[in-house]
Asker: 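Before I ask anything, let me first share the structure, which is written out below as structure tokens.
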Protein chains: 2
Amino acid sequence: MSTALPEHEYNTRLETVRNRLAEHDSDADAAVWFGATSIEYLTGFDHIQTERPVALAVTDKRTELTVPRLEVERVEDNPKIDAVHHYFDYPGGEPIETVAEMLSELGVESVLADADGAPGVMGYQGPALSAFVEVDTQLWVERMRWAKTDAELDLIRESARWANLGHRYLADYTEVGEHPATVSQRASLEASRVMLDTLGDRYIARTRGDGPVHAGYISGPQTALPHGHTANRRLESGDVLITGATANVDGYYSELERTMFVGEPTDEQIHYFELMLEAQTIAIEALGPGVELSDVDDAVWSYFEEQGVTELAQHHVGHNIGMGGHEPPYIDRGWGEHVASEHTDYGDGDAVMEPGHVYTIEPGIYTDNAGYRHSDTIAITDDGIEWLTYFPRDLESNVIRID
Amino acid sequence: MSTALPEHEYNTRLETVRNRLAEHDSDADAAVWFGATSIEYLTGFDHIQTERPVALAVTDKRTELTVPRLEVERVEDNPKIDAVHHYFDYPGGEPIETVAEMLSELGVESVLADADGAPGVMGYQGPALSAFVEVDTQLWVERMRWAKTDAELDLIRESARWANLGHRYLADYTEVGEHPATVSQRASLEASRVMLDTLGDRYIARTRGDGPVHAGYISGPQTALPHGHTANRRLESGDVLITGATANVDGYYSELERTMFVGEPTDEQIHYFELMLEAQTIAIEALGPGVELSDVDDAVWSYFEEQGVTELAQHHVGHNIGMGGHEPPYIDRGWGEHVASEHTDYGDGDAVMEPGHVYTIEPGIYTDNAGYRHSDTIAITDDGIEWLTYFPRDLESNVIRID
């Protein structure tokens, strides 16, 4: 277990993009990123993506960053960054002009960028980067993030531990008459406190005010909606819960979800729970290195067809996870066709699972009045899989006794 | 006070974009949005922006929506939506092809859209919308959101009440030796619970698991960083706190921030606090309808120059707020030049404050070891301003006694 990504991981990542740049079939002399997650992936500098652009430039020798004034102190001690440029604020500080100046000082005339200028977040508007230098597109980091290294897996394993604690508290605090929101917040609070007390100085702050553990649930009729909200109601005997728990460990996440019952489930509820559980087992048994992602979703769909419940399915089996809560590739019947299409920058090898991919496996069944979904976080290894989440999946362990 | 946006507001918004469409100097026969906030603004349908595209089409007569399967039940009862189209999931369900079919059934061949296809969120990749219909750009909703109606102001007023309660709890729970994260989470939890109990059926769920009230702070040395994190430390006597509190009321937010002291502040701390307070007062006194946004930032900057502290400033005075935490226009010395530039779709009138704009006023001062910033949410009225947040600003009210 580990709670911080080792420095050499960043060096390897930067080396990888430098090699890509050198090998690229263009005369670009820098790679540029405006996306916050890509910048964090390459340098460890995390920031909230706002109307204030941040841009990273990597040349064969230098790694330089342009930030708004208010981020300077958060980055200037970062050993991966050779120089920090800044503008005062948006728009008066002229962010893109500052980026252009950084590139000009680096002697850069042509770049491969993740976008031709800063994203239109929070009403941002500004000049294209191509008004200053030649710009072609690369989405290298998005693709590099698919397969996790052992060090990244360690962080996701650590996340799964604290997610499990948050989830345990969620179940423990559940009582008839309680507010779902209050139970969720209390479980998050108590698990976060234990995590902070346990890790001490080893905890890397990546959040503001809330977290690092988040645990919560959707309850009762709202579970019929995969993206339902936490309604203002009290828990009742007979409620179905769909839980969710995660923890931020140096920027990485796991995902743990369970279908739980407040009191004894009905026969109908048991029927759908077991059906969902079998679908999840089928998906997990289908996982492995070299497996087509589409095949995993197909396996579940075939089972749903056999059971006559395709009408109750509302989404595919799952997704990759890491620094983002949802990351490609997606376990979807259309994935193989998608990577082969002209609308993506993917290639043929991108249709299959590889060691280091980390998937949420979460096929769901949604009736008129309740939903049924577990989600586990599972890594693809060289010769099989590794379960990262481990809260028990069986019915008995997911019934909350209320008397 | 009100806790839900009246239905007629949505009708007015849809009518406004229909009029724009009719008046537009093109033969576009629909307006299209992929942005989640714009879709929520026009229809009341809120969703989390993910890799699964959602698209709204408005023609002279019809309002139709394309969603992934998992959102269907959340939107089909919405009286503003005339028809709901869906694809199963991304990418296999072919989201953009489904949007194109919706447009084709509507007889639409040319659109004004907020983007030429879905945004690249969570690794989304897919065809441009212009592969199917003629696409030109409009950013109407972003601009419409600048000035709030009375009904919108009511929601922000209501948000400010609950933010105030969360903030009160934050101060009450602060003690030497406590975790900043735990105090923050506890204040959020308790204020949320009171809000839910008070509003009962009038509360509109817009969040999952956490909220509706968020209150928290950055503490000690981290306050020197405007975007600092919540460090894993215990509160100490002499700590400076920069707080933040808000509440989600039917999708709208307010912003309340205070600089507080754990125990008696030092002379230096009092000096910077009073300086910050005066800067905020200067900004607030400069606000009003017809006022150039740049002038408000300039007024604060002149004061900082006079006091010799420009080196301690790290950002402009503030921003508009509403459905987004940060919204244009921005109170920035460069705003006037920005709206006049070729890089925005703004016009000359967009350089000034108008009735209905709601601004955060938050000039800050950052020394080597502490930050000083209040933020208040203030509406521009026909003949002046209205304070929406109301936690006391003075030093005495912001010292937390610890003995």
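Only heavy atoms go into these numbers, but all of them, side chains included; no hydrogens, no water, no symmetry mates. Here is how names work: the chains are called A, B, and so on, in the same order as the sequence lines, proteins then strands, and each is numbered from 1. Keep in mind that this is a model prediction, so the values were computed, not measured.
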Asker: Does the B:His315 side chain pair with the main chain of A:Phe88, one donor and one acceptor, at a distance under 3.5 Å?
Answerer: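 No, because the side chain of B:His315 does not come within donor-acceptor range (under 3.5 Å) of the backbone of A:Phe88.
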
Asker: Check residues 211-221 of chain A and write down every donor-acceptor pair under 3.5 Å in which the side-chain atom is one partner and the other belongs to a residue at least two apart or another chain.
Answerer:
{"from": "A:Tyr217", "atom 1": "OH", "to": "A:Thr174", "atom 2": "OG1", "distance (Å)": "2.9"}
{"from": "A:Ser219", "atom 1": "OG", "to": "A:Arg233", "atom 2": "NH1", "distance (Å)": "2.9"}

Asker: Quick one: what part of B:Ile96 sits under 4.5 Å from any heavy atom of chain A, side chain, backbone, both or neither?
Answerer: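 Neither part, no heavy atoms under 4.5 Å.
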
Asker: Which residues pass the side chain to side chain contact (heavy atoms under 4.5 Å, CB included) test with A:Tyr253, not counting sequence neighbours?
Answerer: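 In terms of side chain to side chain contact (heavy atoms under 4.5 Å, CB included), with neighbours along the sequence ignored, A:Tyr253 is linked to A:Thr246, A:Asn248, A:Ile321.
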
Asker: From B:Met122 CE over to A:His319 NE2, what is the distance, rounded to the nearest 0.5 angstrom?
Answerer: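 Atom-to-atom, B:Met122:CE and A:His319:NE2 are 8.0 Å apart.
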
Asker: Please list, chain by chain and in numerical order, all residues satisfying ring-ring contact (aromatic ring centres under 6.0 Å, His included) with B:His229, sequence neighbours excluded.
Answerer: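 With neighbours one apart ignored, the set is empty.
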
Asker: Could you please state which residues from residues 190-203 of chain B sit under 4.5 angstrom from chain A, measuring non-hydrogen atom to non-hydrogen atom, sorted by number, or 'none'?
Answerer: B:Ser192, B:Arg193, B:Leu196, B:Asp197, B:Gly200, B:Tyr203

Asker: For A:Asp345, is there any backbone N or O sitting under 3.5 Å from a side-chain donor or acceptor partner on B:Gln125?
Answerer: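 Here the side-chain-to-backbone pair exists.
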
Asker: Please assess B:His316 against A:Tyr90 for the test side chain to side chain donor-acceptor pair (under 3.5 Å), listing each intermediate value before the final yes or no.
Answerer: CA-CA 8 Å; B:His316 55 215; A:Tyr90 167 81; over 6 Å; no

Asker: Would you mind checking which part of A:Pro91 comes under 4.5 Å of any heavy atom in chain B, side chain (CB onward), backbone (N, CA, C, O), both or neither?
Answerer: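 Both backbone and side chain of A:Pro91 come within 4.5 Å of chain B.
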
Asker: Under 4.5 Å from any heavy atom of chain A, what part of B:Glu342 do you find: side chain, backbone, both or neither?
Answerer: neither

Asker: If I measure from the heavy atoms of chain B, does A:Ile204 come under 4.5 Å with its side chain, its backbone, both, or neither?
Answerer: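 Neither; nothing under 4.5 Å.
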
